[in-house]
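These numbers come from a predicted model, not from an experiment. Atom set for the values below is all heavy atoms of this structure, side chains included, hydrogens, waters and symmetry mates excluded.
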Amino acid sequence: MSEIELRARNFLSALRHCQHLQMTVEQADQQGLVLRLPYSEQIVGNPVTGVIHGGAITTLMDTCCGISTVCYLPEFEICPTLDLRIDYMHPAEPGKPIFGFAECYRVTPTVIFTRGIAYQDDRAQPIAHVVGTFMRMGKAVDQADLAKQIDKGDA
C-alpha cells in the first residue's frame, strides 16, 4: 500500500460519520481519490423508489474532495471546506454503490481547488459533478506541542 493510500485510509477512518456510512477508499494516488459509498436503507431518500438521498451524495463528495488533498500535498495538512458546489445530473440507481472521484487541480499557499464526479457503473455517466475549495491551515499540530505553545503564550 502506498503512503498516499495509507494517509487517505487513515483520514477516512477518523471521520465517524463516514464509518457509519461504511465508506471505503478504493484508490488513492497523485491523480486523485476514489471513495465507495455502499447502498443501504439508511441513505434512501425516497422509500417508494429506493433512490438515495442527495445529502448522502453530498457527504460522499465533500469527503472525497477533502481527502483528495492528501493525495496532492506532500504532508498532511488541516484543510476545512470553504465552498462546495454540486450539480446533480440524475438520480442514482437504487441498490448499487456510488463512487466518488476527486482530484486537486490547483494549489495556492492558502486555498486548494478540487473537482470530481459521483458515478455508479461508468465515470462517463456521472450522477453529479462537484467543485470544492479548501482552506490550507498548515500541518496538524500534535496535542503535546499545542499545550507547550499555549503554555508559552504562542498559540
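- Listed by first and then second residue, the ring pair (Phe, Tyr, Trp, His ring centres under 6.0 Å) pairs that reach into residues 20-72 come to none, sequence neighbours excluded.
- With Q120 contributing its side chain and E93 its backbone, the two residues share a donor-acceptor pair below 3.5 Å.
- Residue pairs satisfying the salt bridge (charged side-chain N to carboxylate O under 4.0 Å, His left out) criterion with at least one member in residues 100-114, sequence neighbours excluded, are listed as follows: E103-R115.
- Every residue two or more places apart in sequence or in another chain that forms a side-chain hydrogen bond (donor to acceptor under 3.5 Å, both in side chains) with T58 is listed here: Y88.
- Sorted by first and then second residue, the salt bridge (charged side-chain N to carboxylate O under 4.0 Å, His left out) pairs with a member in residues 117-135 read K96-D121; sequence neighbours excluded.
- T108 contributes a side-chain N or O that, together with a main-chain N or O of T110, makes up a donor-acceptor pair within less than 3.5 Å.
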side-chain contact (heavy atoms from CB on, under 4.5 Å) evaluation trace for L12 with I67: CA-CA 8 Å; L12 185 65; I67 296 177; 3.9 Å; yes
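- With hydrogens and angles left out, the side-chain atoms of T81 and D62 include a donor and acceptor closer than 3.5 Å.
- The salt bridge (charged side-chain N to carboxylate O under 4.0 Å, His left out) search around R85 returns D87, not counting sequence neighbours.
- Formation of a donor-acceptor pair under 3.5 Å by the T114 side chain with backbone atoms of G132 is found in this model.
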CA sep, side-chain torsions, deciding dist, call: L73, R136, side-chain contact (heavy atoms from CB on, under 4.5 Å): CA-CA 10 Å; L73 298 172; R136 292 183 74 179; 3.7 Å; yes
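- With sequence neighbours left out, the salt bridge (charged side-chain N to carboxylate O under 4.0 Å, His left out) criterion links E41 to no other residue.
- In this structure, the ring of F134 has its center no less than 6.0 angstrom from the ring center of F113.
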